[in-house]
Amino acid sequence: MSVRRRTTLRAVAAATVAVALAAGCSNANSGADKGGGAAGVLTLGKPDGPQTNNSNPFLTTSAGAVLGYRHMIYEPLAMTNMIRPTEKADPWLATEWAWEDNFTKVTFTLDGRAKWADGKPLTAADVEFTFNLLKKHPALNGDGIPFDGIAVKGKQVVLTFQESQFVNQNKIIQTFIVPKHIWEKVDNPETWPNRNPVGSGPYKLKTFTPQTTTLTATPTYWNGDTKVKELRYTAYNDNSAATTALATGKMEWSFVFMPNHKQLFIDKDPEHHQLWFPSGLGVHGLWFNTTRKPFDNPALRRAMAMVVDRKAIHVQAQATLYPEITNPTGIPLPAGEPFLAPEYENATTKPDVAGAKKVLAEAGFKLSGGVLKDPGGKPVTLTLTDPAGWNDYITGLAIIKDNIKEIGIEAKVKTQTAEAWGTDVANGNFDATLHWTNSGATPYDMYQNIMDGAIVQPIGKSSQAGNFGRFKNPEATAALKEYAGATTDAARTKALNTLQKIFVEQAPMIPTAAAPVGAEFSTKNWIGWPSEANPYAPPQHTQRTALEIVLNLKPSSK
């Protein structure tokens with residue numbers, strides 16, 4: 001989960017919210033407004049506070065990105081399933097794509113039916129323009145793709161790269177494509193608010209206020225009919241307001257943390273209120289500042305990892321919403337099962353206090369009178385930090401504090417403002433803190449985020465790319481590089497197995513929960529949601545597959 005996603009989930013702002021879910025209040029596309037989804041309307045939102053009118057799809061701070069509606073206006077070349085990362089992506093603007101030469105070349109064949117909402121055809125020139133736009137403007141290239149050659153051959157677009165893009169392949173095929181005839185006239189696309197967005201998707205912006213953004217269906221959408229005729233995104237003040245909206249039916253689809261989802265949401269309408277929180281391949285966990293003594297000692301970090309009670313964190317801190325981490329490699333299951341090294345296939349995260357004490361003793365630590373002392377004779381203490389109000393994290397820290405007390409470590413929990421905490425984490429000013437990781441099509445993104453020595457910044461210099469703990473292990477850095485540039489699956493497996501071993505034995509971070517891509521939703525008006533039985537997409541509406549979900553929804557009465 002990205003920093004911004006986490007921040008916006010919990011953001012608190014100052015305005016009140018008005019939600020308009022009223023039967024018959026929509027004048028969006030006529031003809032399919034009977035039955036479920038009052039007048040064809042689907043209401044959704046998040047606790048992000050008032051928004052600024054900005055629909056630039058490439059800016060992660062735009063309202064389109066924060067609320068997720070950019071996915072309804074702009075489309076990718078293909079749709080990948082984050083919870084089934086090894087499955088082939090669904091064709092979208094491209095009917096086919098083929099990687100060659102060890103993922104240094106990819107050729108896209110476009111769907112000839114695709115067109116923009118203003119009626120103009122979507123061509124290879126638009127795709128070429130989009131990739132050149134990202135190449136020219138790094139601020140828009142959020143995935144950091146190292147674009148090199150970009151060429152058009154008839155109805156095909158060919159990208160070539162200096163190095164293998166195996167680890168970036170899903171990011172490349174999911175790039176939003178924008179219309180050349182509009183964007184080529186923009187002076188500075190890095191700051192352009194794009195207040196009248198024109199995409200190829202089935203929706204266009206109808207109205208925007210700081211609280212509510214309304215999209216209406218495009219009658220001429222190239223890829224078929226849409227049952228949902230209007231989408232209303234509301235930016236709620238906080239988790240409590242969003243939860244209330246869900247409970248009362250004013251909002252039908254959201255991703256908001258609830259400390260007691262059964263009482264607060266499910267029990268309010270057991271027949272229709274549902275939630276599903278599958279995981280991708282990212283995690284939450286306790287990051288260590290590995291430059292500070294004695295936490296520069298891997299034996300100490302590993303011993304702490306051995307005593308943390310993930311089940312308690314899953315139940316008490318995450319209210320069972322976030323999937324439990326059950327494997328010490330940190331790889332969330334079942335999404336990551338194909339990647340587990342053989343030696344860890346049957347490993348568990350069950351607390352092992354006796355084993356931890358043995359590891360510490362062998363490393364020269366001494367436990368006496370309930371106090372753990374490092375090899376130099378100093379008591380081991382630390383401060384655990386996270387923003388005030390992030391109740392799931394604060395509860396998690398309290399559990400960890402109690403867990404490590406069993407091996408003689410005295411900890412205190414310190415809360416900060418989210419802004420101060422974010423700065424401290426980026427600059428390496430912390431002992432240990434709960435934070436999240438990146439996620440991707442393989443565990444590479446997670447491990448790279450935690451262990452890549454190539455992105456390490458000195459203490460005091462912001463590390464926006466990750467490795468907040470300043471973990472340095474040449475073997476891990478080499479394995480990450482080998483994985484990214486490998487030419488065979490066997491070489492990738494070997495490198496990933498090495499990374500798992502280093503992660504378990506060196507414990508640069510203690511994984512505490514899988515990062516969910518879940519959501520709460522109602523089947524009262526709309527059916528066709530993804531589920532464990534039909535996991536065609538992660539249910540979170542800010543994910544790139546949100547459009548696929550909307551196109552699958554049907555009025556409940558039909």
Side-chain angles (χ1 to χ4, degrees), residues 283 285-310 312-313 325-331 341 343-344 346-385 396-397 399-413 428 430-435 447 450-453 456 459 467-480 497-512:
V283 296
L286 188 73
W287 295 61
F288 290 102
N289 183 341
T290 64
T291 68
R292 289 188 180 180
K293 291 186 178 300
F295 306 102
D296 59 343
N297 189 321
L300 175 61
R301 300 194 303 262
R302 183 183 181 190
M304 292 173 67
M306 294 170 69
V307 301
V308 169
D309 189 342
R310 275 79 162 191
I313 291 174
I325 286 292
T326 57
N327 192 283
T329 62
I331 296 176
E343 64 196 282
Y344 297 117
N346 298 314
T348 74
T349 53
K350 184 179 179 180
D352 180 7
V353 175
K357 289 179 177 177
K358 185 171 183 277
V359 168
L360 290 168
E362 291 174 349
F365 288 83
K366 293 183 179 180
L367 181 60
S368 177
V371 176
L372 183 69
K373 294 184 178 179
D374 67 23
K378 293 183 179 179
V380 177
T381 63
L382 81 163
T383 300
L384 306 169
T385 55
L397 291 181
I399 292 170
I400 293 171
K401 175 184 174 182
D402 290 343
N403 294 156
I404 60 178
K405 180 72 174 176
E406 295 186 67
I407 54 175
I409 298 174
E410 194 70 37
K412 63 179 179 181
V413 175
F430 64 94
D431 285 345
T433 183
L434 279 174
H435 197 284
Y447 287 139
I450 301 169
M451 299 195 290
D452 193 352
V456 166
I459 294 294
N467 202 344
F468 307 117
R470 276 65 180 175
F471 180 71
K472 292 182 180 178
N473 182 293
E475 190 180 6
T477 302
L480 287 164
N497 289 354
T498 298
L499 289 168
Q500 292 177 55
K501 188 173 191 299
I502 294 170
F503 185 80
V504 172
E505 295 183 352
Q506 299 271 311
M509 183 262 251
I510 301 174
T512 56

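FYI, side chains are in, hydrogens and waters are out, and symmetry mates aren't considered; it's all heavy atoms of this structure. All values derive from a computational prediction rather than experimental measurement.
Contact check on Glu410 versus Lys405 returns a salt bridge, with a Lys/Arg side-chain nitrogen under 4.0 Å from an Asp/Glu carboxylate oxygen. In this structure, Lys293 does not pair ionically with Asp374, as no charged nitrogen and carboxylate oxygen lie closer than 4.0 Å.
The CD atom of Gln506 sits 14.5 Å away from atom NZ of Lys472, with the distance rounded to the nearest 0.5 Å. For the atom pair Asn473 CG and Thr498 OG1, the distance stands at 10.5 Å (nearest 0.5 Å). For the atom pair Leu300 CG and Phe295 CZ, the distance stands at 5.5 Å (nearest 0.5 Å). One finds the CG atom of Leu397 at 11.5 Å from the CG atom of Asn403 (value rounded to the nearest 0.5 Å). For the atom pair Arg470 CZ and Trp287 CH2, the distance stands at 10.0 Å (nearest 0.5 Å). The CD atom of Glu406 lies 13.0 Å from the CG atom of Leu372; values are rounded to the nearest 0.5 Å.
Thr381 places no side-chain N or O within donor-acceptor distance of the main-chain N or O of Ala411, the cut-off being under 3.5 Å. No donor-acceptor distance shorter than 3.5 angstrom exists from the side chain of Asn289 to the backbone of Asp431, with no hydrogens or angles considered. Of the possible donor and acceptor atoms, none in the side chain of Arg310 sits under 3.5 Å from a partner among the backbone N and O of Asn327. One N or O on the side chain of Asn467 and one on the backbone of Asp452 form a donor-acceptor pair closer than 3.5 Å.
Applying the ring-ring contact (aromatic ring centres under 6.0 Å, His included) rule to Phe430 yields no partners; only residues at least two apart in sequence or on another chain are considered.
For the pair Phe288 and Met509, the minimum side-chain heavy-atom distance is 4.5 Å or more. Here the side chains of Val283 and Ile325 are in contact, with some heavy-atom distance below 4.5 Å. Side-chain contact between Val371 and Lys366: absent, with no pair of heavy atoms (C-beta onward) separated by less than 4.5 Å. Here the side chains of Val504 and Thr329 are in contact, with some heavy-atom distance below 4.5 Å. A 4.5 Å side-chain heavy-atom check between Leu384 and Leu382 finds at least one atom pair inside the cut-off. Looking at Pro328 and Gln500, their side chains never come closer than 4.5 Å, going by heavy atoms from C-beta outward. With a 4.5 Å cut-off on side-chain heavy atoms, Ile331 and Tyr447 count as touching. In this structure, Leu367 and Ile407 have side chains that are not in contact, with every pair of non-hydrogen atoms separated by 4.5 Å or more.
The number of heavy atoms from other shown groups lying within 6.0 Å of CD (Glu475) does not exceed 12.
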Practice prompt. Quick one: do Phe471 and Thr291 satisfy side chain to side chain contact (heavy atoms under 4.5 Å, CB included)? Show the steps, please.
Written response: CA-CA 8 Å; Phe471 180 71; Thr291 68; over 6 Å; no
Worksheet item: What do the steps show when you test Tyr344 against Asn497 for side chain to side chain contact (heavy atoms under 4.5 Å, CB included), and what is the final call?
Response: CA-CA 9 Å; Tyr344 297 117; Asn497 289 354; over 6 Å; no
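With Leu286 as reference, Ile400 is the one residue of Ile400, Ile404, Ile313, Thr433 to meet the side-chain contact (heavy atoms from CB on, under 4.5 Å) rule.
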